[in-house]
Chemist: 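Okay, here's the structure, questions in a sec.
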Amino acid sequence: KAGVTQTPRYLIKTRGQQVTLSCSPISGHRSVSWYQQTPGQGLQFLFEYFSETQRNKGNFPGRFSGRQFSNSRSEMNVSTLELGDSALYLCASSLEPPPYNEQFFGPGTRLTVL
Amino acid sequence: GENVEQHPSTLSVQEGDSAVIKCTYSDSASNYFPWYKQELGKGPQLIIDIRSNVGEKKDQRIAVTLNKTAKHFSLHITETQPEDSAVYFCAATPFDGLTFGKGTHLIIQP
């Protein structure tokens, strides 16, 4: 069974631009969560989607948004990029919504903001 | 919200010895405690998890213990091998997204 796929793997943007990251969950998984990983703040929860609905959201500004499609694929968008948005963005999928179900992570998208 | 503290930040052990990583959490409503292993250039990989109605769980060389009264849980790796070298993260959640510890860099010395 294929794992979680994230595209693109690497991305370079400049301040003020916007970016869209994509995540394809494991086949059959209906829940997708997004996390930001930085050396200073570690792994931080962004938001979680199930059946095209955002169920939970972490403590991030409104510049960070996401959505989920009917096939469970998910995208996250960051508008008006800031230098501090440089990070590894990780997507995780699970059969059902957290917390009781194992979350399987993708390899991440490395975003660099110049 | 939940807050997870993880210690130590770096742990160096001789190959074949045991390694122990400890975490504490703040929210008494947390009921799911997974441990992840992250290798360079990869996403975190779930290695073991424990739920609040269980005190201990073991999977081959890996074990996790949970003390809900004290709000702490630990990862135990026995007979460490070179491939155990990685960053390990603990996490906790009451009902939504995972709150992670800052990670432990485990180094296995030959």
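Model, not experiment: these values are computed from the prediction. Lettering of chains follows the sequences in order, A, B, ..., and the numbering in each one begins at 1.
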Chemist: B/Pro44 and A/Leu90: which non-hydrogen atoms are nearest, and at how many Å?
Modeler: CD-CD1, 3.8 Å
Chemist: As an exercise, state the distance from OH of A/Tyr35 to CG of B/Leu98, rounded to the nearest 0.5 Å.
Modeler: 3.5 Å
Chemist: Would you please go through residues 9-21 of chain B and name the residues with a non-hydrogen atom below 4.5 Å from one of chain A, in numerical order?
Modeler: none
Chemist: For residues 76-88 of chain B, give me every residue with a non-hydrogen atom less than 4.5 Å from any non-hydrogen atom of chain A.
Modeler: none
Chemist: Hydrophobic clusters here meaning ILVMFWY residues chained together by side-chain heavy-atom distances under 4.5 Å, can you tell me if B/Ile48 and B/Val54 are in one?
Modeler: yes
Chemist: Which pair of heavy atoms, one from A/Gln37 and one from B/Phe89, lies closest together, and at what distance?
Modeler: NE2-CZ, 3.6 Å
Chemist: For A/Leu114, I'd like to know if atom CG has over 12 heavy atoms of other residues, nucleotides or ligands within 6.0 Å.
Modeler: yes
Chemist: With a 4.5 Å cut-off on side-chain heavy-atom distances among I, L, V, M, F, W and Y, is there a chain of contacts connecting B/Phe100 to B/Leu106?
Modeler: no
Chemist: Taking A/Trp34 as the starting point, is it possible to reach A/Val113 by hopping between hydrophobic residues whose side chains are less than 4.5 Å apart?
Modeler: yes
Chemist: Is B/Gln38 in contact with chain A via its backbone, its side chain, both, or neither, using a 4.5 Å heavy-atom distance?
Modeler: side chain
Chemist: Could you state whether B/Trp35 and B/Ile108 fall into the same hydrophobic cluster, counting links through intermediate Ile, Leu, Val, Met, Phe, Trp or Tyr residues with side-chain heavy atoms under 4.5 angstrom apart?
Modeler: yes
Chemist: Can you tell me which portion of A/Leu88 sits under 4.5 Å from chain B's heavy atoms? Options are side chain, backbone, both or neither.
Modeler: side chain
Chemist: Quick check on B/Leu46 against chain A: is it the side chain, the backbone, both or neither that has a heavy atom closer than 4.5 Å?
Modeler: side chain
Chemist: Short question: side chain of B/Lys102, backbone of A/Leu43 - any donor-acceptor pair under 3.5 Å?
Modeler: no
Chemist: For A/Lys57, look at atom NZ and say whether over 12 heavy atoms of other residues, nucleotides or ligands are found less than 6.0 Å away.
Modeler: yes
Chemist: Take a 6.0 Å sphere around CD of A/Glu96 and say whether it holds more than 12 heavy atoms from other residues, nucleotides or ligands.
Modeler: yes
Chemist: Same hydrophobic cluster for A/Phe45 and A/Tyr49, using side-chain heavy-atom links shorter than 4.5 Å among ILVMFWY?
Modeler: no
Chemist: Less than 4.5 Å apart, any side-chain heavy atom of B/Tyr32 and any of A/Glu102?
Modeler: yes
Chemist: What part of A/Arg9 is in contact with chain B, defined as an atom under 4.5 angstrom from a non-hydrogen atom: side chain, backbone, both or neither?
Modeler: side chain
Chemist: Can you tell me how far apart CG (B/Asp49) and CD (A/Gln103) are? Round to the nearest 0.5 Å.
Modeler: 11.0 Å
Chemist: Check this for me: A/Asn59, atom CG, are more than 12 non-hydrogen atoms of other residues, nucleotides or ligands nearer than 6.0 Å?
Modeler: no
Chemist: Please answer whether the main-chain N or O of A/Phe105 pairs with a side-chain N or O of B/Tyr36 as donor and acceptor at a distance below 3.5 Å.
Modeler: no
